Amino acid sequence: MAKKLQAVRGMRDILPDQTPLWQFVENTARQVFQSYAYREIRTPVLEMTELFKRSIGEVTDIVEKEMYTFEDRNGDSLTLRPEGTAGCVRACMENGLLHNQVQRLWYQGAMFRHERPQKGRYREFKQMGLEAYGMAGPDIDLEVILVTARLWEALGIPGLELQINTLGTPEERTAYRARLVAYLQQHRDQLDEDSLRRMQSNPLRVLDSKNPDMAELIAGAPSLMDDLGETSRAHFEVITSGLEAAGVDYVLNTRLVRGLDYYSRTVFEWVTDLLGAQGTVCAGGRYDGLVEQLGGKPVPAIGFGMGVDRVVGVLQELGFDDGEADPHVYMVLVGERVQGPGLVLAERLRNALPGLRLQVNCGGGSFKSQFKKADKSGARLALILGEDELNKQEAGIKWLREQQEQVSMAHDELADFLKEMIGE
Ligand code: ATP
Ligand code: MG
């Protein structure tokens, strides 16, 4: 027997009963981003593998073990994007959007990482994010974080924790790195295999380890704060005091280093305890070094990526139910002669009421069977059109969820009546 076809492991179908919640998150995020005058950019799902190697860095979980990489028919090595920043920077460089100008951009789309699937961690997942280019000061860092705070507010998600840290400049990190390596050397016997390797290649990444056995060691590591110069300190100060002024609570987490290599100075994450180990719903930071790393003139940049799957997961955990997809009205059409006029009447009502969700019974059926379908649809009322009603240019109105007499109403009055009902 042929093998049963199924979705690829770690890749999910989002079924119609869940999509309203997704749409709510996506629409809200879009509105919030646009309220700060960010503009959407769309880039391809596939990029040259080289782009991710050069931007994310060879010594990262993503590039070492998570990318979907393959050769296309020409023998070019391509990769399904694992995150949005690299493609966004590439597109901006290629299209001259970074030259002597400021850009505020947002994106959304599917990302792909070959990780072990679990709650909040999938092989295909969706991110929405922001990128801001050409601004070096702390004011834009603050703005970007305020966007995220406003987003949780707009989504009605309480209790997320903002963690922030600064990674200083590359020079400051060099001084810190030496101290960190000395500490790690001292505790060599407690390092896992990944960390032993990273201690050589990129010691800061040891702090990013997900291995719980390493947690204590990491907690005791020296802090980069001590290596910061005046400018980096002042930059960070503007952000923390700005957050305080705006009433956004934060926690300083000096172990926060982020998984990607291109960050500098500000890094932040929003964390929840509702999703088990997959606690980070949004992560971002400043990446002043990336554009130059990809061959352009240096351009200061900051951004974040939000995991939409995790945000939806949080809303589900909070019992958030957005049942906004059910039809308001189900149109019952009894008799073959009324089908055509029924569809025309439905069009008229949709013209008059753009917010109306009106489902027309297609495929005929008895009065009784159509009512069963009307009931199942979740609609609040049924509009009934039989030959009698049609001759009188009327329709029957039957409430499906409330005890109320069935009434008749002229076609011309229906739009106003339904308008009232849907609250438009
Ligand atoms: P994690 O520490 O959970 O592996 P990360 O540091 O790899 O996250 P980023 O590369 O910063 O994640 O991506 C930004 C956001 O995208 C994350 O904070 C998370 O919300 C989401 N995300 C990342 N990987 C996944 C995944 N496999 N499934 C679902 N969401 C994800
Ligand atoms: Mg990861």
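Numbering starts at 1 and runs along the sequence shown. Computed from a prediction, not measured in an experiment: that's the story for all the values here. Each ligand, and each atom within it, is numbered from 1 in the order the structure gives.
Judged purely by atom type and a 3.5 angstrom limit, Glu153 has no side-chain atom pairing as donor or acceptor with the backbone of Leu151.
Ligand 1 is never approached by Glu83 to a heavy-atom distance shorter than 4.0 Å. Distances from ligand 1 to the non-hydrogen atoms of Gln278 include no value under 4.0 Å.
Using the six-membered ring where Trp is involved, Phe320 and Phe24 have ring planes that are parallel, under 30° apart on the 30 and 60° scheme.
Scanning Glu124, Lys119, Arg310 for the heavy atom closest to atom 8 (O) of ligand 1 points to Arg310.
Donor-acceptor pairing under 3.5 Å is lacking for the side chains of Gln278 and Tyr122. Donor-acceptor pairing under 3.5 Å is lacking for the side chains of Ser77 and Glu71.
Every atom of ligand 1 with a heavy atom of Gln127 under 4.0 Å away is listed here by number and element: 13 (O), 14 (C), 15 (C), 16 (O). Within ligand 1, counting atoms from 1 as listed, the ones closer than 4.0 Å to a heavy atom of Glu115 are 24 (N), 25 (C), 26 (C), 27 (N).
Aromatic ring centroids of Trp106 and Phe33 lie under 6.0 Å apart.
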Anything under 3.5 Å between a donor and an acceptor, one on a side chain of residues 211-219, the other on a protein residue two or more places apart or in another chain? List them.
residue	atom	partner	partner atom	Å
Asn211	OD1	Asp213	N	2.9
Asn211	ND2	Asp192	OD2	2.9

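Of the heavy atoms in Arg113, only side-chain atoms (C-beta onward) come closer than 4.0 Å to ligand 1. Contacts of Glu269 with ligand 1, taken as heavy-atom pairs under 4.0 Å, are absent altogether. Both the backbone and the side chain of Thr280 come within 4.0 Å of ligand 1, judged by heavy-atom distances.
Considering both main-chain and side-chain atoms, Asp309 never comes within under 3.5 Å of ligand 1 through any nitrogen or oxygen pair.
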